[in-house]
Amino acid sequence: MAVTEHGRILLYRHFEEEMGEDKAKVLMDHLLPVGWTDLATKQELREVERSLRHEIVAVKHELQTEMHKGFTSQTRWLVSTMVALQGLMLAALKLL
């Protein structure tokens, strides 16, 4: 049986008539706001956890690959710039 807001209201009114407002509120506060079928099982949570772990590992590898490409590109640019500057310095020294 699905839990509906209308059903909860009817139940609260019944409890209120039988036990009084304060006790009815306390009792309703202890009831689930949804049906049992809407709750996740431990197995479902484990499956979600495994799935998230796999996604995190995949993103980690993707990030490492991109960082490696970036560092390699940056290192090549830096080395080529240093070689070019050394060439300019040697040329300038020869002119002196």
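Values below: every heavy atom of this structure, side chains too, minus hydrogens, waters and symmetry copies.
The shortest side-chain heavy-atom distance between E18 and H14 falls under the 4.5 Å cut-off.
Under the rule for a side chain to side chain contact (heavy atoms under 4.5 Å, CB included), the partners of V79 that lie at least two apart in sequence or sit in another chain are T75, V83. Scored by the side chain to side chain contact (heavy atoms under 4.5 Å, CB included) test, H6 finds T4, L10 as partners (sequence neighbours excluded). Partners of L85 under the side chain to side chain contact (heavy atoms under 4.5 Å, CB included) rule, at least two apart in sequence or in another chain, are T81, L88. Listed by chain and residue number, K69 satisfy the side chain to side chain contact (heavy atoms under 4.5 Å, CB included) test with T65 (two or more places apart in sequence, or in another chain).
Other residues sharing a hydrophobic cluster with L27 under the 4.5 Å side-chain heavy-atom criterion for ILVMFWY residues are L11, Y12, F15, M19, M28, L31. When hydrophobic side chains of Ile, Leu, Val, Met, Phe, Trp and Tyr are connected at separations under 4.5 Å, L63 ends up clustered with M67, F71. Cluster partners of L78, using a side-chain heavy-atom cutoff of under 4.5 Å among ILVMFWY residues and allowing indirect links, are W77, M82.
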Quiz: residues 42-55 side-chain donor-acceptor pairs under 3.5 angstrom, not counting sequence neighbours:
{"from": "Q43", "atom 1": "OE1", "to": "R46", "atom 2": "NH1", "distance (Å)": "3.4"}
{"from": "Q43", "atom 1": "NE2", "to": "E47", "atom 2": "OE2", "distance (Å)": "3.3"}
{"from": "E44", "atom 1": "OE1", "to": "T41", "atom 2": "N", "distance (Å)": "2.8"}
{"from": "E44", "atom 1": "OE1", "to": "T41", "atom 2": "OG1", "distance (Å)": "3.4"}
{"from": "E49", "atom 1": "OE2", "to": "R53", "atom 2": "NE", "distance (Å)": "3.3"}
{"from": "E49", "atom 1": "OE2", "to": "R53", "atom 2": "NH2", "distance (Å)": "2.9"}

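For the side-chain hydrogen bond (donor to acceptor under 3.5 Å, both in side chains) condition, the pairs that include at least one residue of residues 19-32, sequence neighbours left out, are E21-K25.
Counting non-hydrogen atoms of other residues, nucleotides and ligands closer than 6.0 Å to CZ of R8 gives a total above 12.
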